[in-house]
Amino acid sequence: RKEVEQDPGPFNVPEGATVAFNCTYSNSASQSFFWYRQDCRKEPKLLMSVYSSGNEDGRFTAQLNRASQYISLLIRDSKLSDSATYLCVVRKGYSTLTFGKGTMLLVSP
Amino acid sequence: DAGVIQSPRHEVTEMGQEVTLRCKPISGHNSLFWYRQTMMRGLELLIYFNNNVPIDDSGMPEDRFSAKMPNASFSTLKIQPSEPRDSAVYFCASSSGYGTSGRYEQYFGPGTRLTVT
């Protein structure tokens with residue numbers, strides 16, 4: 001089983017739609033969780049950390065379920081500029097991150 | 001502020017040649033990471049340094065790959081000899097740990113797109 005698994009997509013949604021991505025991780029000792037965003041032919045950038053109680057940053061909401069080893073990202077009111085690949089990321093050691101292969105989102109007019 | 005700087009941005013080389021990728025981390029960051037990204041395998045950690053010391057190189061594919069960090073502002077990843085299966089985007093990232101913000105983040109450079117023919 002892969003350490004971090006994501007549906008590769010693509011998810012095709014119209015502007016204004018709400019879309020949700022899920023991610024599962026295999027190592028129950030994982031300590032921290034993140035969503036990174038990667039635009040086409042660019043480097044990954046941190047979108048948001050994921051906290052146990054769930055957290056929101058504008059149109060983005062992240063949730064963590066440690067019992068099910070499951071992380072989610074919800075995007076409300078999708079914009080064209082949200083089109084990107086979203087990487088689910090898990091930290092287990094002090095510094096090392098394990099990345100999922102990403103879920104591609106395409107937002108159309 | 002300058003982010004992580006990588007060079008070259010693109011490299012095309014022939015099988016068997018030596019390839020050297022370079023990285024300058026963000027000033028003040030004490031951790032540096034080398035990753036490789038391919039469609040098939042996604043983003044994989046190759047090696048990481050803390051305070052210029054290699055901590056975990058278990059992701060380095062084989063002896064053809066080597067990495068050095070002679071000082072806090074410079075690191076290299078070398079492939080010798082290169083093979084077509086090494087074709088990928090190689091990212092360097094740096095981090096200051098949790099710092100004062102309490103938030104952990106790795107900052108990525110723009111990557112080096114390597115093609116080995």
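Here is the naming used below: chain letters follow the sequence lines, and residue numbers restart at 1 for every chain.
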Sequence neighbours excluded, the answer for side-chain contact (heavy atoms from CB on, under 4.5 Å) partners of D7(A) is F11(A)
Has E14(B) got more than 12 heavy atoms of other residues, nucleotides or ligands less than 6.0 Å from its CD?
no
If you count every heavy atom of other residues, nucleotides or ligands that lies below 6.0 Å from Q6(B) atom CD, does the total exceed 12?
yes
Side chain from CB out, backbone as N, CA, C, O: work out which of these in R41(B) comes under 4.5 Å of a heavy atom of chain A, or both, or neither.
backbone
Examine L77(B) and Y35(B) and state if one hydrophobic cluster contains both, with Ile, Leu, Val, Met, Phe, Trp and Tyr joined whenever side-chain heavy atoms are less than 4.5 Å apart.
no
Side chain, backbone, both or neither: which part of Q106(B) has an atom under 4.5 Å from a heavy atom of chain A?
both
Determine whether Y90(B) and I26(B) fall in the same hydrophobic cluster, where Ile, Leu, Val, Met, Phe, Trp and Tyr are linked whenever their side-chain heavy atoms lie under 4.5 Å apart.
no
OG of S95(B) to CG of L46(A), rounded to nearest 0.5 Å, is 10.5 Å
Got a second to check how far F91(B)'s CZ is from K42(A)'s NZ, nearest 0.5 Å?
10.5 Å
M15(B) with V19(B), same ILVMFWY side-chain cluster at under 4.5 Å
yes
Inter-chain contacts: residues 71-81 of chain A against chain B, heavy atoms under 4.5 Å:
none
Run the side-chain contact (heavy atoms from CB on, under 4.5 Å) test on R41(A) and R113(B) for me, step by step, so that the C-alpha distance in whole Å, both residues' side-chain angles and the decisive distance to 0.1 Å come before the verdict.
CA-CA 9 Å; R41(A) 301 180 79 83; R113(B) 188 169 296 272; 3.3 Å; yes
Y48(B) and L97(A), any side-chain heavy atoms less than 4.5 Å apart:
no
Applying a strict 4.5 Å limit to non-hydrogen atoms, the region of L43(B) in contact with chain A is both
dist K101(A):NZ -> M40(B):CE (nearest 0.5 Å) comes out at 7.0 Å
Between K45(A) and Y107(B) (side chain of the first, backbone of the second, donor and acceptor by atom type, cut-off under 3.5 Å), is there such a pair?
no
Is there a path of hydrophobic side-chain contacts, each under 4.5 Å between heavy atoms of I/L/V/M/F/W/Y residues, joining V4(B) to L32(B)?
no
Once rounded to the nearest 0.5 Å, what's the spacing between atom OH of Y36(A) and atom CZ of F108(B)?
6.0 Å
Is it the case that one hydrophobic cluster holds both W35(A) and M104(A), taking links as side-chain heavy atoms less than 4.5 Å apart, direct or via other members?
no
Worked check of side-chain contact (heavy atoms from CB on, under 4.5 Å) between L45(B) and T96(A)
CA-CA 8 Å; L45(B) 177 66; T96(A) 56; 3.7 Å; yes
Can you establish whether the number of heavy atoms outside M69(B) located under 6.0 Å from its atom CE is more than 12?
yes
Would you indicate whether N71(B), at its atom CG, is surrounded by more than 12 heavy atoms from other residues, nucleotides or ligands within a distance under 6.0 Å?
yes
